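Some notes on the structure that comes next.
Atoms considered below: every heavy atom in the structure, side chains included; atoms not considered: hydrogens, waters and symmetry mates. Being a predicted model, the structure only gives us computed values, none of them experimental.
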Amino acid sequence: MKRLLDCTASDFARMSGQDLKQSIKASEGRVLVAEVISAFTPLYPSVSNAELAASFGADMILLNFFDVFSPHVEGLTSAKPEEIVQDLKRLIGRPVGLNLEPVDPDARQAEQLHSLPPGRLASAKTFAAAKDLGFDFICLTGNPKTGVTNREIREAIQTARTVMGAEMLIIAGKMHGAGVEGEAGGDLVAKQTIIDFIEAGADIILLPSPGTIPGITLDSAKAMVDTVHAHGALALLATGTSQEGSDETTIRQIALASKMAGADLYHIGDAGYNGIAIPENIMHYSITVRGKRHTYVRMASSVLR
């Protein structure tokens with residue numbers, strides 16, 4: 001199995017979710033995931049945010065605000081809505097994943113929460129629809145003010161595994177409180193919660209990068225990553241608190257701290273500009289964790305390879 005950072009578009013097209021996991025593992029902490037909002041007008045409307053993020057060095061693209069019952073990506077047109085994900089994958093030559101949100105109706109609210117459409121909620125029906133649309137992986141997490149709890153994430157992992165099968169790559173965890181009282185800052189996730197997620201069937205555990213939420217230091221992030229690895233899963237450290245729109249120095253600090261903490265993958269969020277990180281910050285993050293050689297090759301490689 002090739003390292004993911006060495007894979008071409010044709011390699012990605014042949015991969016199952018579990019192949020993708022092994023390829024990530026073989027890359028030894030040099031895989032970058034860029035999240036983009038598919039429902040917003042792109043930063044530059046002549047090209048989708050997903051295409052822009054891929055062109056600046058992202059290895060994997062994660063779609064946010066995507067409704068599986070009304071498939072659409074701003075900046076793209078497709079003859080059939082049900083083919084939009086496959087069309088995007090052909091254009092960018094990268095694995096494409098989806099955020100689905102395990103909202104807890106009984107969550108203790110820390111703030112006024114938003115109401116989400118059924119096509120963005122984590123459920124058996126949305127998992128089946130996501131699989132049919134051709135997503136390569138799913139991410140069970142919460143946007144701000146959604147009321148996603150760790151308890152509901154655990155239940156959603158089990159349902160997703162049942163519906164989507166053993167081959168689907170499942171990422172799960174929270175990068176911030178999502179509007180829930182008692183699940184924020186240093187109390188965001190406990191060691192047992194991480195273990196529960198893995199035992200429920202998660203392949204990759206999403207955790208906040210050091211310095212992105214209060215109380216998450218390099219030492220505490222490393223302790224969480226060590227727990228993930230000790231139980232056979234991979235760790236994704238996420239920058240999803242609008243710092244994806246910060247300066248280059250901050251991005252490099254977060255990137256290096258995340259690598260020192262032992263991350264297998266690095267996530268950069270969608271709040272830099274209009275539904276995408278500042279594109280240069282995607283490139284800076286990539287250069288920091290794997291140098292210009294791998295970054296420039298990823299940026300330059302044709303989807304025809």
Within the side chain of [X], is there an N or O that forms a donor-acceptor pair under 3.5 Å with the backbone of [Y]?
X	Y	result
S246	S242	no
S27	L4	yes
T241	T212	yes
Y296	G291	no
N150	L188	yes
E244	E35	no
S23	K2	yes
K89	G134	yes
R94	A54	yes
S70	D67	no

Transitive ILVMFWY side-chain link [X] to [Y], under 4.5 Å:
X	Y	answer
L234	L237	no
V103	F69	yes
I138	L133	yes
Y266	I213	yes

Contact summary for [X] and [Y], nearest pair of heavy atoms:
X	Y	answer
A235	I204	C-CG2, 4.3 Å
I216	G185	CD1-O, 4.0 Å
C139	L62	CB-CD1, 3.8 Å
E74	F40	CB-O, 3.1 Å
A107	T149	CB-CG2, 3.7 Å
S48	L88	OG-CD1, 4.3 Å

For the atom pair [atom1] ([X]) and [atom2] ([Y]), what is the distance rounded to the nearest 0.5 Å?
X	Y	atom1	atom2	value
L265	I24	CG	CD1	4.5 Å
H176	T239	NE2	OG1	11.5 Å
M15	S10	CE	OG	9.5 Å
E51	L91	CD	CG	5.0 Å
K21	E167	NZ	CD	11.0 Å
L121	E152	CG	CD	10.5 Å

Side chains of [X] and [Y], heavy atoms from C-beta outward: is any pair under 4.5 Å?
X	Y	answer
L140	F127	yes
E111	K145	yes
M60	V31	yes
D270	I276	no
I278	I251	no
I254	Y285	yes
Q158	T162	no
I61	I92	yes

Practice problem: Using the side chain to side chain contact (heavy atoms under 4.5 Å, CB included) rule, pick out the option among N143, N99, V68 that qualifies with R120. | Solution: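 So the option named by the test is N143.
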State, without any angle test, whether [X] and [Y] hold a side-chain donor-acceptor pair at a distance under 3.5 Å.
X	Y	answer
S16	Q18	no
S209	S258	yes
T8	D11	yes

Self-check item: R161 and D203 ion-paired at < 4.0 Å
Solution: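 Answer for the salt bridge query: yes.
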Self-check item: Test: D87 and R90 ion pair at under 4.0 Å
Solution: yes
Quiz item: Step by step, would you call N49 with Y273 a side-chain contact (heavy atoms from CB on, under 4.5 Å)?
Solution: CA-CA 10 Å; N49 279 339; Y273 285 135; over 6 Å; no
Practice problem: Can you tell me which residue pairs pass the salt bridge (Lys or Arg N to Asp or Glu O under 4.0 Å) test with a partner in residues 281-296, sequence neighbours excluded? | Solution: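 Listed once each, the pairs are D59-R290.
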Self-check item: Audit row: E199, R154, side-chain contact (heavy atoms from CB on, under 4.5 Å) steps and yes/no
Solution: CA-CA 9 Å; E199 291 179 346; R154 183 184 67 246; over 6 Å; no
Counting only heavy atoms from other residues, nucleotides and ligands, does the tally under 6.0 Å from [atom1] of [X] exceed 12?
X	atom1	result
F65	CZ	yes
Q112	CD	no
K25	NZ	no

Practice problem: Determine, stepwise, if the pair V189 / K174 fulfils side-chain contact (heavy atoms from CB on, under 4.5 Å). | Solution: CA-CA 8 Å; V189 60; K174 294 173 72 173; over 6 Å; no
Practice problem: May I have the step-by-step check of side-chain contact (heavy atoms from CB on, under 4.5 Å) for L32 and R298, ending in yes or no? | Solution: CA-CA 11 Å; L32 185 61; R298 176 61 79 212; over 6 Å; no
Exercise. Could you label the plane-to-plane angle of the F135 and F66 rings as parallel, tilted or perpendicular, counting under 30° as parallel and over 60° as perpendicular?
Key: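 It falls in the perpendicular class, over 60°.
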